[in-house]
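Take a look at the structure set out below.
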Amino acid sequence: MLRSHTCGELGIAHVGQSVTISGWVQGIRDKGSLLWIDLRDRYGITQVTIETENASAEIIETARKLGREFVISVKGKVVERYSKSDKIATGAIEISPEKINILNAAITPPFTIEDETDGGDDLRMKYRYLDLRRNPVRKNLELRHRIAIETRNYLDKLNFLEVETPVLIKSTPEGARDFVVPSRMNPGEFYALPQSPQTFKQLLMVGGFDRYYQIVKCFRDEDLRADRQPEFTQIDCEMAFVEQEDILNTFEGMVRHLFKAVKGIDIPTLSRMTYADAMKYYGNDKPDIRFEMKFVHLSPTLSEGEGANTQKDLVKGKGFKVFDDAQLVVGICAKGAAEYTRKQLDELTEFVKRPQIGATGLVYARYNTDGTIKSSVDKFYNEEELKKWAVAFNAQPGDLMLILAGEEAKTRKALSELRLEMGTRLGLRDKNKFACHWVIDFPLLEYNEEAKRWHAMHHPFTSPKPEDIELLDSNPGAVRANAYDLVINGVEIGGGSIRIHNKALQAKMFELLGFTKEDAQAQFGFLMNAFEFGAPPHGGIALGFDRLCSLFGGAEVIRDFIAFPKNNSGRDVMIDSPSPIAKEQLDELQISLKK
RNA sequence: GGAUCGGUAGUUCAGCUGGUUAGAAUGCUGCCCUGUCACGGCAGAGGUCGCGGGUUCGAGUCCCGUCCGGUCCGCCA
């Protein structure tokens with residue numbers, strides 16, 4: 001060993017001992033006759049002190065040659081410091097060196113290796129191995145490790161087996177785009193990298209492994225985001241002989257265990273919300289319930305029908321065309337925001353009018369602290385009518401009502417964005433506060449306008465609720481699935497379903513999704529065949545591991561919780577991939593490139 | 001595929017309405033300094049203003065195109 005101790009463990013108890021420590025030069029402070037070297041490794045920083053009066057010429061010469069990030073080892077005595085530091089764990093001692101070895105010189109790094117680095121994201125990605133030396137990045141990976149260990153601990157105790165599934169699998173038409181891998185031995189044919197081990201874990205259930213899990217890489221060739229990488233990690237789980245309730249309880253237990261074991265936080269029992277309510281009250285299938293600010297409907301909703309409840313209609317027929325023509329008029333009440341200035345309200349209007357949000361405008365009504373109500377539509381609604389709004393919003397003096405109108409789906413989505421924006425502005429989205437819940441009863445199918453056909457909302461193996469099966473032919477969009485999402489702080493952390501384990505029902509699903517019998521057989525015959533050999537009822541869930549880590553770490557970007565992440569364009573700027581391959585390789589694979 | 005913000009010293013940024021020699025901080029180099037720990041002091045080096053074209057007497061600044069990066073929409077069963 002090139003060290004007897006790490007740079008983080010020496011303290012006053014070691015004074016007088018002869019030790020060897022190794023690490024990187026964090027910095028040097030040269031005061032002429034006194035010179036300090038901060039030596040850093042994964043575990044901490046230890047100060048090496050050289051008094052030029054007493055030190056050998058060799059040591060002084062070596063020390064003055066050092067630069068940042070040189071790798072050195074220092075043999076010397078632990079001595080108590082003359083002036084101690086309480087900023088670092090080893091601040092009470094320093095090393096008086098007898099010998100300094102330069103193990104490797106280093107050129108000046110392009111950014112500072114400090115907690116608050118001066119490096120931009122791009123540079124840090126290019127020199128990721130330097131970025132990894134920084135405390136914040138290291139701590140994120142330590143957190144990731146801890147979450148993985150605790151996940152395994154929890155699942156192992158419950159008899160789950162970690163089983164590896166193949167990475168070279170088969171491309172399927174459903175879902176995300178596949179990354180594909182050409183097969184040299186099978187010219188013209190391709191493997192696909194798994195979007196998830198979905199079918200394999202179901203086959204493990206058929207194979208009698210009634211409790212499976214895997215912390216596993218998944219691959220999706222879709223456009224990226226701050227919380228999406230082309231390769232990402234899932235905690236993938238499946239159980240046999242269970243119903244939805246069992247899955248929810250088991251993984252609620254896991255989430256609570258992780259919060260307790262990793263962060264020391266006791267999470268209350270997870271609440272549940274139906275998909276329909278999530279959309280109705282939050283305009284979003286993954287509501288952030290750290291704060292209320294539920295949607296308030298000022299006109300009957302589409303599902304309730306035109307004029308179904310005229311008493312509820314507080315806005316129509318007063319000559320305000322925007323509301324009269326709207327399919328939906330819906331708003332939120334921002335507590336205590338009545339004092340928003342014109343400028344702030346204009347900002348909010350601009351916010352909802354951004355093309356990504358897509359609202360055409362924003363109506364506001366201030367419930368002033370003097371009890372009067374001032375709205376942007378006073379021309380159409382008198383004080384008495386506005387008071388009725390306030391009642392509907394349950395608004396108090398000092399509150400601000402924000403209202404959007406328009407086509408239902410678009411308006412809900414826009415108001416959802418506005419709600420989150422207001423939550424942020426009002427400081428209601430504390431990253432140290434965690435609100436976990438289940439969204440259940442997702443629709444089985446959603447209609448894809450572009451492809452003019454039904455798509456599986458979760459995936460094609462999801463079972464419909466038995467009581468809704470009769471609707472499969474008459475009203476496919478109304479069929480609910482035994483599908484559920486785990487949502488934490490408005491982030492979709494996981495999702496799963498009870499699967500179909502019956503060949504006939506699975507065949508029916510494929511038919512609904514527009515597969516011919518032949519296509520279904522060719523793509524998923526192996527699964528349907530397996531179902532004929534005694535498939536147990538089963539279901540499962542998959543949790544986004546990277547997202548879970550970033551959530552625990554209080555970040556929204558998952559990149560810094562991955563040792564070697566890719567950028568927004570799916571590139572690894574450190575190794576510069578993807579990259580062209582040699583003509584010989586292409587030839588061997590029987591691949592020719594389009595010009 | 002689309003929206004939007006950015007690209008100026010090794011790095012992070014400033015640079016207004018187009019106008020003299022493009023600045024600051026930090027890092028780097030040299031010298032001084034006996035208790036620093038974001039050490040301090042003095043001096044110095046360091047620039048194809050992403051790239052191409054255009055407007056203009058004159059472009060870091062305006063226009064067009066392009067490349068790269070961030071965030072978002074579409075997409076992500």
Side-chain angles (χ1 to χ4, degrees), chain A residues 26-40 45-55 64 67-69 79-88 90-92 94 107-127 130 172-178 195-196 198-199 218-230 232 350-351 353-358 410 413-414 417 442-446 448-451 454-462 481 483 492 495-497 509 513 542 544 556-557 559 567-571 573:
Chain A
Q26 174 71 36
I28 297 169
R29 291 176 299 282
D30 187 348
K31 238 174 136 59
S33 50
L34 206 56
L35 185 155
W36 294 276
I37 302 164
D38 282 342
L39 195 62
R40 182 199 71 236
I45 287 179
T46 298
Q47 177 170 287
V48 178
T49 302
I50 298 164
E51 292 175 306
T52 49
E53 231 172 58
N54 309 322
R64 292 231 150 95
R68 281 164 51 207
E69 301 306 312
V79 298
E80 186 172 355
R81 281 206 204 179
Y82 180 78
S83 53
K84 298 183 174 56
S85 165
D86 52 8
K87 285 185 186 150
I88 56 172
T90 61
E94 61 196 2
I107 58 172
T108 306
F111 53 88
T112 56
I113 312 295
E114 289 164 5
D115 290 6
E116 297 288 333
T117 181
D118 62 1
D121 289 349
D122 203 16
L123 253 198
R124 290 172 46 217
M125 294 269 268
K126 182 168 178 189
Y127 299 95
L130 297 180
T172 56
E174 281 288 308
R177 294 183 183 87
D178 287 315
Q195 297 170 28
S196 80
Q198 182 59 38
T199 49
C218 304
F219 307 86
R220 292 176 192 176
D221 186 10
E222 294 292 347
D223 288 1
L224 306 174
R225 290 286 187 281
D227 62 353
R228 267 195 246 157
Q229 286 270 305
F232 61 100
E350 286 308 309
F351 174 82
K353 284 169 82 173
R354 283 165 45 205
Q356 282 90 337
I357 310 281
K410 203 172 171 183
K413 189 169 160 15
E417 295 298 330
F442 274 79
L444 183 69
L445 302 161
E446 59 186 340
N448 183 310
E449 292 293 343
E450 214 171 298
W454 292 97
H455 273 206
M457 194 152 183
H458 184 54
H459 58 52
F461 318 108
T462 300
E492 183 195 330
S497 62
M509 266 301 281
L513 296 173
E556 281 169 20
V557 179
R559 236 171 266 141
N567 75 6
N568 232 17
S569 321
R571 299 201 68 88
V573 294

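Throughout, protein chains are lettered first and strands after them, A, B, ... in sequence-line order, and every chain is numbered starting at 1. Because the structure is predicted, anything quoted here is derived from the model rather than measured.
- For the P atoms, the distance linking B:C51 with B:U34 amounts to 48 Å, nearest Å.
- One C1' atom belongs to B:A14, the other to B:C49, and the distance between them is 13 Å to the nearest Å.
- For the pair A:Arg225 and B:C73, the criterion of a side-chain N or O lying under 4.0 Å from OP1 or OP2 is met.
- Considering only side-chain N and O atoms, A:Arg571 lies nowhere under 4.0 angstrom from the phosphate OP1 or OP2 of B:G69.
- Of the side-chain N and O atoms in A:Lys31, none sit less than 4.0 angstrom from OP1 or OP2 of B:G41.
- Between B:G69 and A:Arg559, no contact under 4.0 Å exists linking OP1 or OP2 to a side-chain N or O.
- Under 4.0 angstrom from either OP1 or OP2 of B:U34 there lies at least one side-chain N or O belonging to A:Ser33.
- Between A:Trp36 and B:U36, a base-stacking contact is recorded: ring centres under 5.5 Å apart, planes less than 30° from parallel.
- Using a 4.0 Å cut-off, some side-chain N or O of A:Asn567 falls inside it from OP1 or OP2 of B:G69.
- Comparing B:U21 with B:C64, their C1' atoms are spaced 31 Å from each other, to the whole Å.
- Here the separation of B:G60 from B:U71, taken at their P atoms, is 31 Å to the nearest Å.
- Between A:Arg29 and B:U36 there is no side-chain polar atom (N or O) within less than 4.0 angstrom of OP1 or OP2.
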